[in-house]
Each structure stands twice: as C-alpha cells, then as structure tokens.
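The structure appears below as structure tokens.
Predicted model, so just to flag it, every value in this text is computed and none were measured. Keep in mind that the numbers below use all heavy atoms, side chains included, and drop hydrogens, waters and symmetry copies. Protein chains get the first letters and strands the later ones, always in sequence-line order, with residue 1 at the start of each.
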Amino acid sequence: LEERLIFELGTRETCGVDLPEPKADAPNRLGKFARQQLIDLPGLSEPETVRHYTRLSRQNYAIDLGLFPLGSCTMKHNPRLNEKVARMPGFADVHPLQPVDTIKGALGVIDELSHWLIELTGMSAVAMSPKAGAHGELCGILCIRAALEARGDARKVVLVPESAHGTNPATAAFAGYEVEDIPADKDGRVDLEALKARLGPDVAGVMITNPNTCGLFERDMKAISDAVHAAGGLVYCDGANFNAIMGRVRPGDLGVDAMHINLHKTFSTPHGGGGPGSGPVVLSEALAPYAPLPFIVKDGETGEIHLVEEENVGDEFPGSFGRMTAFHGQMGMFTRALTYILSHGADGLRQASGDAVLNANYILRSLDDVLDAPFGEAGHCMHEALFSDNGFADGMSTLDVAKGLIDEGFHPMTMYFPLVVHGAMLVEPTETESKATLDQFVMAMRSLAERAKAGDETLKTAPHHAPRARLDEAQAARKPVLAWQGSVEG
Amino acid sequence: LEERLIFELGTRETCGVDLPEPKADAPNRLGKFARQQLIDLPGLSEPETVRHYTRLSRQNYAIDLGLFPLGSCTMKHNPRLNEKVARMPGFADVHPLQPVDTIKGALGVIDELSHWLIELTGMSAVAMSPKAGAHGELCGILCIRAALEARGDARKVVLVPESAHGTNPATAAFAGYEVEDIPADKDGRVDLEALKARLGPDVAGVMITNPNTCGLFERDMKAISDAVHAAGGLVYCDGANFNAIMGRVRPGDLGVDAMHINLHKTFSTPHGGGGPGSGPVVLSEALAPYAPLPFIVKDGETGEIHLVEEENVGDEFPGSFGRMTAFHGQMGMFTRALTYILSHGADGLRQASGDAVLNANYILRSLDDVLDAPFGEAGHCMHEALFSDNGFADGMSTLDVAKGLIDEGFHPMTMYFPLVVHGAMLVEPTETESKATLDQFVMAMRSLAERAKAGDETLKTAPHHAPRARLDEAQAARKPVLAWQGSVEG
Amino acid sequence: MRYLPLTDPDRAAMLEKIGADSVDVLFADVPAEHYLDGPVAGLPLAASEMAVEKHMRRLSKKNLAAADAAFFCGAGAYRHHVPATVDHIIQRGEFLTAYTPYQPEIAQGTLQMLFEFQTQVARLYGCAVANASMYDGSTACWEAIVMAARLTKRRGVLISGGLHPHYVSVAQTMARFTDEAIAYQLPTLEADPGDDALIARISDDTSCVVVQYPDIMGRIPDLQRIADAAHEKGALLIVANTEPVALGALEAPGNLGADIVVGEGQAIGVGLQFGGPYLGLFAITNPKHVRQMPGRLCGETVDADGKRGFVLTLSTREQHIRREKATSNICTNSGLCALAFSVHMTLLGEKGLTALAAENHRLACLAADRLDKVPGVRVLNDTFFNEFTLVLDKEARPLVRKLAEHGVLAGVALGRLFPHGEGLDDGLLVTVTETVTEDDIETLAKSLEEALS
Amino acid sequence: MRYLPLTDPDRAAMLEKIGADSVDVLFADVPAEHYLDGPVAGLPLAASEMAVEKHMRRLSKKNLAAADAAFFCGAGAYRHHVPATVDHIIQRGEFLTAYTPYQPEIAQGTLQMLFEFQTQVARLYGCAVANASMYDGSTACWEAIVMAARLTKRRGVLISGGLHPHYVSVAQTMARFTDEAIAYQLPTLEADPGDDALIARISDDTSCVVVQYPDIMGRIPDLQRIADAAHEKGALLIVANTEPVALGALEAPGNLGADIVVGEGQAIGVGLQFGGPYLGLFAITNPKHVRQMPGRLCGETVDADGKRGFVLTLSTREQHIRREKATSNICTNSGLCALAFSVHMTLLGEKGLTALAAENHRLACLAADRLDKVPGVRVLNDTFFNEFTLVLDKEARPLVRKLAEHGVLAGVALGRLFPHGEGLDDGLLVTVTETVTEDDIETLAKSLEEALS
C-alpha cells in the first residue's frame, strides 16, 4: 500500500493529453511576460494517471465502504442519480455569465430548490450563494449586522453556547463581533436563564445550534428567540443538524431569523474528501431584505424568474448587503440537492429524519450500559448519540477507542467534541444505515468499551489493520513539510 | 474482506427502486399464466447495494490497479473516453430495429470502423456481427465452409497447430469439421513441411494463430497460405494477437482469407471480468460474398450507407450464409473501438504495436538469465515472452510462481499455455505499461525464480496477502454448488 | 500518444538491454517485402481526446435517441429505466478492467457476483442451475438446441412460429453446417399462439421444441401443455424469453415443465445500445444435465484457511481444456452485462420486480385499450404482458418510417421482422414499458389516427 | 423510499429496544404546538428515479449548453476540454464519498492527493507553499486581503481596476463589516492596464495592492514593477489569477515579486457548472507566513512504523481549535475540485500545460486578428493571453443577447460586469480556448459583421 508521489513517478516530458506541438514562430501577444522559468511539474501518461489515483483512492475509507458515524458531519448515502443529473450538459456545460435567456433552466433549479428550503424551514427567503456551511454562517451574521445597522443599532456582541461548532465563534469574530460564551445546563442544553441574564442593548444576537451538538433538541428554542427578540437582538441557528428535524419542525416557527443549511449534510451532496459544500441561508421576514447578491425573484403572476445582480438591484432592493462570492453559488450542489429532495418528497424527507433519529436512539440504548452517556437520562436524543470516556481505565482514551474502531472496519465517530463532555464520542449513524450494520457497529463498540475499561494495551497502538499506523502529527506541525521539494525528472 | 451474499443481506420486502404499489384490481391480460410461485429474490436498498458491490469490487485485481500480464489476453489500458462515448444517448439509447433513417449515426460508426479494420488488415470485407473472438472464429470457419460448399467441395478436415488456442479446435468441431493437429518445429512455429505433407483434397483449410501462442511471428505465413490455396483450401488466422503487428504487417498481404479481431484485446474495449467481447472478422475477396447478415454496403458514389438484412439480401448477395446473432453485433464495443482507433490514428497504432513488442522483448531479455526461455535463442519475440519451469526445484511449479506474483502485487501471467512448453509462463505486458512498472515486475520475477529454483516452501502456500488463500477447486468440481440454496428472509 | 507511457529515453535504454538497434529490428521475422515502413497509408493520424469526442458526438447526434421520441419498440430489445447506481458500479475499475477470473484469490469480486447472478437467474427462470452468461439470447437459444441434441441424441428441432425470427435465423444458419433438422413455420396473424398445431408436429425424432414466452407477437403460449406433449415423446422443451421483466408477472418457465430456459437479459440493467452487447441467459431444471451445459460456471468452495470462496468450475466441459470435444466454443461471456443485470436485480428484489412488471402491464393494458379505439386499428392479442400486436388496415412498415419523421417510434413492423411472411405486413408490434407515459400513448394514438385516415 | 434501508419490522424491533411506542415519541422534546403531524403541506411526495431524472433533464434542456453554441465566454470561468479520466477518478466512491481526512490512517488517498495538489499549485504560482484549497477565487482573494492586514497590521487595501468586479464586490461587501479601507477605481477602456496610476496610489497605509494577472480585460500588468513599488512602501502584493492555463505561457506571479498569489482553479479539471462549485487557490512566497494562512494544510510526516504518510497540520490556525481567534472561518474546502484539478494537471504535466497554453494563445491571436477586421470592431489589447476586449461601435449587451438567439455566445459584455461603469458599455470580452474551432471564429466574425451593419 505504498504509492509514490506524482513527482517521483512522472517526468517533465511525459504527457497524458495529446496537444499540437507549439510552434516557435507562432504569433505572440504576451508582451515581455512570457514564462522564462521552469514550472517543474511532472506529467504522467493516461494509464499511469488512472492507476495512481485508483491506487490512492483505495487507501481511503468512505461511506460507499461502510458506516461513517462522524457526529455532526452527517455522512449519509450519496445517490448516484444526483451525480448523473449534475453532469447533464445543460447543467455542467453552462457559463455563469451567459445571457439570462439561455439559462432559464439553471434559474429554474435555483427557484425550485429555494421553494423547498423555504417551505421546509418555514422562513421567508433564502440566500443561495454561500459556498459552504461556515460561509452560510457568515452570510447569516452579516444579514443580522446589516439589519441592525439599517436601524442604526451598532451592537457589538454575539452570544455563542460553549457547545457550538468552532465555526460559530470564528464567524462572529470574522464579521467583527465580540464573542461571549453562554453556559450549558446540566442536561446539555443552553441555560435559558443565563442567556436571558446576559441579553441587553449590546447584544446583536445569538448563534444556537439546534439540534445541538450534544444531540439534543433545544426545547426552549422559542423562548430563547422571544427573549432575544425582546432585547432587540436576532437569532442565528446553525443548521448543520437539520437532518434530524426536517419535515418534523420548522425553525421559522421557533423564531429563528437565519439558518444555514449544509446541502452536503442534510441533502446528500457528496463530501468529496472535504468539500465542496454549499450553505444556503434561509431568512426570516426581518432579514430577507438584506440578503446578498445575486438572488432570484419570481413574478407571482407570470411565474417568470428574474435574476437580480448588481445591475438591477438598484432601488427595488436597497438593503442587500452585497456579494459574498463570484457568480451564483454552488450550482452543481443545487442540482444534486434538488434531485435528492424531489426523490424523497415531503413524505420521504420526514421519513428520513425519523429513521435518522431512530437509528441514533437505537445506538444510544444499545451502548448505554457499557459506555457513559452523559445526557442519556435526559430523554431521547436526536440524530446523534453522545458518550464520554468516563469509566475507561487509566491511560485509555477516546482516541484509542476511535483507532480501535478502524481495526473493526468502521470509521471512527467524532472525538473530543462537543467540548462540554470529557473525552466525547459523538456517533451519528444517519438514516441510510441498515439495522444489520448498526448491530455490527454496536458489537464492535461493546467490545472496544470492554477493552478500554480493562486497559487493553493493544488498543494504544491501534490501528493495526489500516494502510498506516498512527501518524506523527507533532512532527508534521513542528517542522512543516507542505510541498515536495525535489526537482522532477527532465 | 468478507462480504455476505445478497441472499444473506437482503429481504424479499426490501427494495432499492421506487415503483407504484401494484393495484389488486388492475386490468389483467395475462390469461391464466400469472405467477403463482415466489421467485424468492432478495432486494437491497440503494445504499446497501452500492456498498455491497463496492466492497466486492475491492476483492478484484484489475488493470486499473497494476500490471496484468496475461499472455494472449492483452490486458491494456482501457481509456475512459471510450466509456464516455459509448454512453452518449445517441449510441446508448437507440433501438436496433428503429427505422434506418433514425440510425444513420450507428451505421456511420459501423462503416468507419469497418474501413479501419479492412485497411489495417489489407482485406476486402469485414463481418461485424460476431459477439466475441470464438464467435468470430466460428464466423470465419463458416465463411470457409460456405465458400467451399458454393463450389460443391465438401471437404471434411481442418488443420490446427498444436499450439492453437483451445477455441480453434472447438470452433472447427462446432462447425462440423474433423480437427487434425499440425506439429510445431523446434523453434515453436508451424512445421511447414509437415503441413504441406498433410494438405490434400479433404482439407478445408488451416487455422493459424499469428503471431502464434509462443509469441513468435510465423515467418512462413505466406508460404503456408500459398500451399493451402494451391491445395484448394482456405486460411483462417486467429487474430487474438493482432495487437503485436497492427500497422506493421497486413494479414491480407500474407494470404489470409479470414481473421477475427478481438476488439477487447487489440482495441482496448474493457474485458469486464469476462466479457462482453466483440469479434469482427475480416475477409479476403474469396470469402467476402459469404459474410453473415446483417452487413452494410456503402454506395461508392453517394457515400450513402445501406443496411443489408434478410429483407434485402435477396438476389444481390446470394452467398451470405445467414445470421449468427440477433441484431447488429456488439455496437457498444464498436463505438469504443472506433474511439480508440481514432485517438491513435494510423501512426499511433503502429507506435502501439512497436511499444508492445519492445516491452515484451525487454522482459524476455531481463529474465532469460534466471528463467528458461525455450525459444529465446530463436530471435526476438513479438508481444509476449514465453518461459518454462525448466530448472525449478523438485515440487516447485509454475502455479507456485504465479501465486507468488500475487503476493508481489502483480496479476500472474498466463500459466500452462501454450501446451507445447512444459510449465509454460506466457507474459504479455502490452504497450500501456511504463518501464518503471516493467522493472518492478522483473525484480519480482527474478526473486520468484530464485525461490522456485531454491525450492522455497513458502511459495507452495502463496498467496499470503490476497483476499483469499488458495481455493479448493477440486471440491468445487466434485460437489458443484452453483447456486445459493436457502430461502430469502420474507 | 497519451496512452503510451514509454518515453524516448526509455525506448533507447530498453533497446540497448535487448541488443537491438531499433524497434523495427524486433520485427525481423516479418518478411521485408510485407513489412510496412510507416503508418498505413490513407488513414488519419492521431487525434486529441477533444477532437475524437467531437467527432463521435457528431455521429451520435445522427441517431434519434429513444429519450427524444415517443418510444414503443421492443421485439427482443426493451427500454427500461436503469438506475444510475448500475452504471456507477459497472464503471468501477476493479470490475470494468478485470479479466475472466482465472486467479480466484484476487477475483472474488467478480466470482461472488457471478454466483449471485447465477442464483438470481435460476430463480427467475424457475430452474436449478444457471450459467455465468452467454453472448445474447439468440446464441443462447442455439446452444440450448445443441445441448438438447447431445442429451436426447436426436436431431429434429421443432421451432414455434412465435420464436423471434432472428433467433430462428441463427438456428437455421447454424443448422446448415451441423446435422440438426429444423422444422419451422412462419406465424400467422391470429390471437391464438398456435400451441395445438405445434404439439401436433412433435414426433419421435424431435430432440426439442423451442417456444418463446411471451412470443414474438406478445402472445402467451401454454407452456405446461407443450411440455407435457414434448416429454411424452421424449423431447425436451426449450423456452426462450426475451423480456425478463415479464417473469415478474408470469409464472416461471421452469415451473411449467421447461427443461432448458434461455433468454435475453438485456432488459434488466443493460440498456438498448443498438442491439449489443447484450446478455444471454441459460438455465436448466435438471441439475444432472450440468455437465452438458455450455458456458462458464461459478461454484462455491473454500480456501486453504477454510473461508468461503468462489471459483470457475466444471471447466472440463470447456474449449480451453476439452478443445474439439468441448460443449461449446464459447470463451468470452458477457460478464459486465451480467454484473449490470445482477445489480439492477438486487435493487429490484422480489418486491421491485413484481411492481415493475405490474406497472409495465398496467400501462400496456392502457395503451392497448386506447389504440384499439383508433379507426383502422385492431389489437390482435387476447393475452400479452407488455407488448402486443396491432393489426392495421394498411402496411405497417412505411407507416412506422413516416411516424419516425415526427419523433414517434411506433414499434416494430412485423413486415420488418418477417420480410417474407405472407399476411404479416399489416402487423405492428407495440411495446409499452414503464418508460412510456400516458402522454406518449396519446401521441401514438393520435399519430396513428392521422396516418391511417 | 429507495435510500432508506430500515424495514417496518426493523423499526418495530428498534423502538422496542429503545422503549418508545413510535418514532414520534422520540421527538418529545419538540414542543407539541410546533411538531408537524405529517409531511409539510403543499409539497410533492416521493418520486421514482425515472420521474426525477426526467424532470431534471427537462430543466437542463432549458439551458443552452456551451457545446451547442459557438462559445467565447470567460471573465473568470473558462471552458477547457476536461479529459474523461478526470471525471472517472472523481467519481471513485472512495474519493467522492469520503469526509475531510480527520483520521489519517484511513485517509491517505485524499491526503497524499492534497500534498501533491499543494505542490502543483505552489509551483504553478512560483510560490513556496499553497494550501489545500479555498471556496473559489473571489473568496480566496478576500482571505488574502485579510491575511495581508494581519501581516502588515495596516488597513489600506488598494485594488486595481483590472480585478474581476465580482472579486472587488466581495471585498467591498466584507470590508463593510471589518476595518479595511478599500481604494478602487473602475477600469477604463484603454490598452494600457494602468500600472502607473496604481503605483502612484500606494501609500504608507497600504496593506496590500491587489492586481489581476491577466486582468479582467485580458491585459497583462507588469507585476514586477508593481511589486517593487509596493514593497518599497512596506505593502504586500497580492496577485489574483482567474485563468491558470495562462501560467503555462506567462511567468509565475511568485517569480515576479508577488507575496500572496490567489486564484480560481476551475479552468483546470473542474468545468463550467454555471459558476460553482469552483476551486480557490492560495499560495505564498514566504514560508514564514504559513501560520497566518487561512485554510487547510496537508503536511508530510511518518507513521509509527516509520512509513511516509500525510496529515492535516497546523490546525491550530483553524476555527475548530482556535474558535474566535482563527485565521479564517473556512471549514469545508473544495477537496473534490482540488482532486479534479490535480488529476488534470498530472495528465498535462509541464509539457502538456505549456502546449495547452500555446494552443490557447495561438487561437486567441487568430481570433483577434480576424475580429479586428470586422467593420465596427477594434481589438483593444496590446497584450493578452486567451481573452481580449473588443471595442464595438455600439453597446455590447443587447448585441450579446441577440447573438445568443442564434447560438453564438459571443463573450461577456463589459456592461454586464460593470453596470455602473462609464464608457465601458461598448466593450466585449472575448475568450478563445482550445475548445474554439476556426469555424467558430468565423461564425463569430460573421455574426458580429451582420449585427453591426
């Protein structure tokens, strides 16, 4: 399972495409800027290229190979229909700046997907262009800031629960806010009283994840929203966990003003080893006027869809806070997500959230006798089950259990997050896993829990059956080698 | 690396497609033949299906993963452009019995490919419909028989060299001929004098593989053809090894009357774990009138392409011996092969055969000091290098070396074929392997040769690093279990 | 050339190792007068991927794709929706670019799939054993006839008029060169599939009776009656099926007395592809006959560690061992198409196949009722699954061509299938699968109405 | 539902284990008044794959695909031929359906690819270090501006008029909420890219100068001069590139004094896709600045057995560790697009990229010469790579719309890019890649001639 680097395999003369040989006497309008230096890139023939990447791919674990229970990351089945649709020439081979009359189908996709997202969340509008979840958070926070500024209210603070995704405080800070933590109550939920106590004229709003990162539904969401609104603030909801509640409760009904939706989590667009994502943001009536460019407007009478850009945003939509990205957003993800949504329909989406929550509770109750489940007594969980390292033998850690899972043929769960639980293990099975798979996972986890409690030293060096043993991350960070340093064969 | 069977994973109620529930009161025109008994088939949801087959696939070796040096099988790179083209709706989504005006493009593909095959082989016509190599052999032999019958000449015997592919004698027998062997000379080629001695009025023809299965070019091919023709017979050439000579010598120039071409060998259409193949047969002027239906005829003046079927074969083509298969043959393979041919062009094909032969000779000369190369002194080989087990320690076999190669990360070579060499190992690297890969293979083979000569017992139980250890083939044949016997969960 | 990894320095180094001055020297065994000095004259030179793709796309656009038409063609090749998953799986390099599984230790993926496939086919056909696939339905049918001859040691072959004429044609062609004596009469334009007449012709010389189910006009013959009659005379019943989806609704031939069941598997997973590659299915009800079967077989066994595994087995029947005594000359089968079939069948399962068949039948009934109302059109069939024959009041072939100009592929004219068949010219075989919409049916009805008025 | 494996008996057994009567009970924490009893009203129910595919195909056909037109659009999104191999690789389930490589032992495929990608980007840009990708060029550009502010502790941002207006727009939007002071002037319709004017505006408050190379009108600014001027004032030079193929012909920005090089990688491997997902590239020339970089980084290390391996590293810069002190809020990057880029770049290599660039430039020169001859048309540029600006004797936007009706996508009107830009309305940005044929150029020339006469 060793595969050399392309720089070690290729040469500067090898090439996997056939192109005309450049002519020395060809016309040249590059002025004095023609390249003088070697780029020093390796080329491979096509067969070598296929083989290199095919071999590399086999060193990866993936949802196509087995359960991928990363809590909060929502690794569900990625339907191949989505991939097929995204590759239809009418979607894949269209330029973002073609005249509007030649892209009616693209605008139709955006319109249909927008409609679904708005209806599913009970909101008023949706900003489609954010490129991923964190970008969506930024969009939502900027909407809030734009709305506050529009009313001349320069609030400075955003409240974030300590269990929040790291992106939440980073986003608020990037948007120029001071971030303050709100504590959790003993059940792992936002402490409503502490929150209320902190509200005031300096608080722009709150960022709350619901269901939260402990896998629990924030029962007091409506009360939180009401309190924030009463104090003149606005409510951002991190929608990373929308998978658990779609079709069962609408964030808009709970007073949320803005929420991003990770199309690559809830709506099955592939994660691709770390992106691309897509993070449309649904907006309440209060925030809708501030959505970023570009957006579409559908004529209620004719059904015609208009594209609003810098040119025509003008007097009609003066509040838009501007552009967050070039072009229209992650169109390739829109087609996939819409395909997924249409496949499920309103009934299928509801079934999906039900199965996701059922699967998580099944895992919670199949393991809570051998693993500590910090909020297990608080009732049912949502789409993910949270455990801690409480009870492990000295020296045994969550990391060891995670690496042990690799040897059992599973991807590890999310480790050490949320921070509110010691040695957290957050397990999200999603709705696309069968009971048989869950049973196998439970069996593996039970055995690992016993070994961790018994202090089985072989766990400390797991994995033993993976393409690599544990990697030295400290060395990587101490003396970073971030690019290959040699020279490619000529 | 255990993956359960679909029958053990699925249930009769699980389904990976969404279809309307059948209505009990729906109209029924099935008469009294509606199904009463259970089929007892398992279904899997789509995610389970993807995972099952993805996992299964990973137990396979493939050309995408590494060298696949099966002699005579020609495992070369399968370009993905071919796959893309074959899936264009105008090719993939067309019915074979559509009116001719709606399939001009399909006929165009057949016409272009035919033209290339005829020109590359120097022949007069080509029968496109044979479904694979052996089917092509049958086509060629039937052409010969039809031609002989047309002149009232009921010859009974077909001569086949002992080094021939097993399909050759099987084909001749299936076509109603008696098969007689012709011996090889000491250099591994057909014994011309022995052949001449056997020719006579009862001999319908010969089936010769050229380059032959020892990897040698039949130097006397023209003399053989002349002798056969002089004796009133016809010459069939097995074209399985055309890869070695394309663009360098034309079988038609050597007196061949019929030759099949394995599109899945020479022209890179994928082997797919055992097919589909495609075996067009090029024909000399003498045999062209007997080609099977359907075929196309191009109007020399207008360039229009006509499809000839049962309906219009009539008086114009009275010799056609009839239909060998439904519809038009392996259209999906024609598009792939034509794509491959156009990519190479006449120059690229010639380069390909040159590189194929270069690679084989490089292996021959890199190993002939450690392995016995029976015809190594006879000159250069063609596209494959032949070795024997001569010199192995007692008890060590070609099989052991082959299984040892698996542990070295390579697919084994062809074993025990051709039969004329003891413990034959026939290595065909093809032109799409790099020198670096060949060098690694040579290193592995040298080490295995040493171990086989030294009698290394660990080789007897190889492979040790494959998804399975050696399988008990005897048990499989003694008590055949050819289907799963249980009942699927309801 | 993008597919050739050797560089010029590589070539030079390798030639040196070989001790040859040039690549041409390696071809010294080719007589000089026949050795080509350069590329074959008159043919184009290498082209970029982009150029080739453009050229092929241009050709493809000269065909009318079924998706762009109202589509009713069948007659042995069926258009069904193939789930995207199927194509994804068959494009996995490990399946696509593997060879026949000669080395089972590193081919369990293909082998286990084949074992599953064989079981699926055997169950679908109501048989004990199925092989790992044949070229297509027509060649599988001929192989069945030859197998029957081996088993019965008789040479008389009685072929029903309901058998696909291409299948008949293949048998007639092959029989020209072998000893089989084929008895076959063209079908007639009647609702009755003619079982009585067929049964009447079975004799003591009959090796096998070959019946298609449903037949080429969509009619459903009474297999059990024919089987009983055949068996009484010591003959075997070979049933050919061209539309496996039908077996989600109809009783399996193996349960109705068939001895050998063959068919075309294309309808499940494979797609139209202008007629090939397709997928021959071959199964038998009596497992004792397995050693007379043609084609590859995959069997279960164990490895040296006792783990379950699969291998190609009983290869002593095959040409690479038996040479001229082989049961068939078949070598390459249709492995990748078998995979496509098996994946699609796994997605369907018992429930899906049944529902798919029901949906086909529902739409076909709807279409038959609608088209029967068109003046000048009569539905011939009493029984059918998803295809049936219309009797028009004029010749069907020119009409089909005319409708095609307007984007309606109305079906297959019997006159195309039986160019020499008397009285069949007015027949039009119409096929209705789940890919047909009610709008399509209306379009066809209207087009026929217009063309016939 | 075909994607949900649980059967009803499964659900019942699981509920029993949990001790709940129904799935609804599991949602007890949702206040009853907000819990939906059934599917959200007014939305369609589940649909078969076939039905959804048909619907989406119908929508797709309402767009004019570039392949069906004479196509000359660019302006930050380029149409190049993407080898079929690229799409095959990115559809490998192991790449497509993997997550961010948090568990390096079972993610070496993605990690090694990212290490190779980073090296390819760094070399292409003439930089020391590149990250594992950003969302797209426009957001990468803003991240560079913020990084420059962190490094220089200044807030003045000087943006060239040649920067893509969407990139400018993103920066202006973000700067509304942060402390950056952006200085930007619209470009003018001149052959000179305006380096002098830009240099004149660099001050001691300038954190960075942002220059596009080649610029939005296809002109090529003199990076070295600008870099020298910026550095003299203690400012950094950020170079944005929207067309990486250009760097096969032009000197790398990192070799001409740039401090941070960002760009859009879409042109290599990714395809048009109506604007996204695309691929942000980000690289720096001074490796000491790496801890101020945004985005994921992959680094080399060894495993416990001493084998070379790769991990995500320096994550202490990132939000999941640093929370509000992170260098960026970016979390998801553009991994699969990075793979596509890297595969395509591997197929090209030094030789292929150079040849591809040469072919683009050859055709662009050909087109410029031809179009310059059209009455009423003048080529603005003295220098360009594969896109240049035409000055027409009438407004370009309506003309572009009109030509589109005839299947000619003539380019991007400057009036669309700069709706409020004075004097730019007659400008038409024309892009000529290797996908353009000489016939296409002739078609464009003739269409312009007709439309302008």
Exercise for the section: Output, in order, the C-alpha distance, side-chain angles, deciding distance and verdict of side-chain contact (heavy atoms from CB on, under 4.5 Å) for D:M1 and B:D18. Expected result: CA-CA 6 Å; D:M1 212 285 137; B:D18 289 322; 3.6 Å; yes
Handout entry: Which atom of D:A84 lies closest to which atom of B:K84, heavy atoms considered
Key = CB-CD, 4.1 Å
Interatomic spacing from [atom1] in [X] to [atom2] in [Y] - rounded to 0.5 Å:
{"X": "B:R51", "Y": "D:T97", "atom1": "CZ", "atom2": "OG1", "value": "8.5 Å"}
{"X": "B:L19", "Y": "D:R2", "atom1": "CG", "atom2": "CZ", "value": "9.5 Å"}
{"X": "B:T14", "Y": "D:D10", "atom1": "OG1", "atom2": "CG", "value": "7.5 Å"}

Exercise for the section: Count the heavy atoms of every other residue, nucleotide or ligand shown that sit under 6.0 Å from CD of B:E489, and state whether that count exceeds 12. Expected result: no
Practice task
For D:K62, look at atom NZ and say whether over 12 heavy atoms of other residues, nucleotides or ligands are found less than 6.0 Å away.
Solution key: no
Problem - Proximal component of D:A47, with respect to chain B [non-hydrogen, under 4.5 Å] - result: backbone
Problem - Residue D:L4 versus chain B: region with a heavy atom under 4.5 Å - result: backbone
Handout entry: Test item: B:D64 and D:H88 side chains (from C-beta on) under 4.5 Å apart, heavy atoms
Key = yes
Exercise for the section: Spell out the residues in residues 302-311 of chain D that have some non-hydrogen atom less than 4.5 Å away from a non-hydrogen atom of chain B, in order of number; otherwise answer 'none'. Expected result: none
Problem - B:E13 versus chain D, the contacting section by heavy-atom distance below 4.5 Å - result: neither
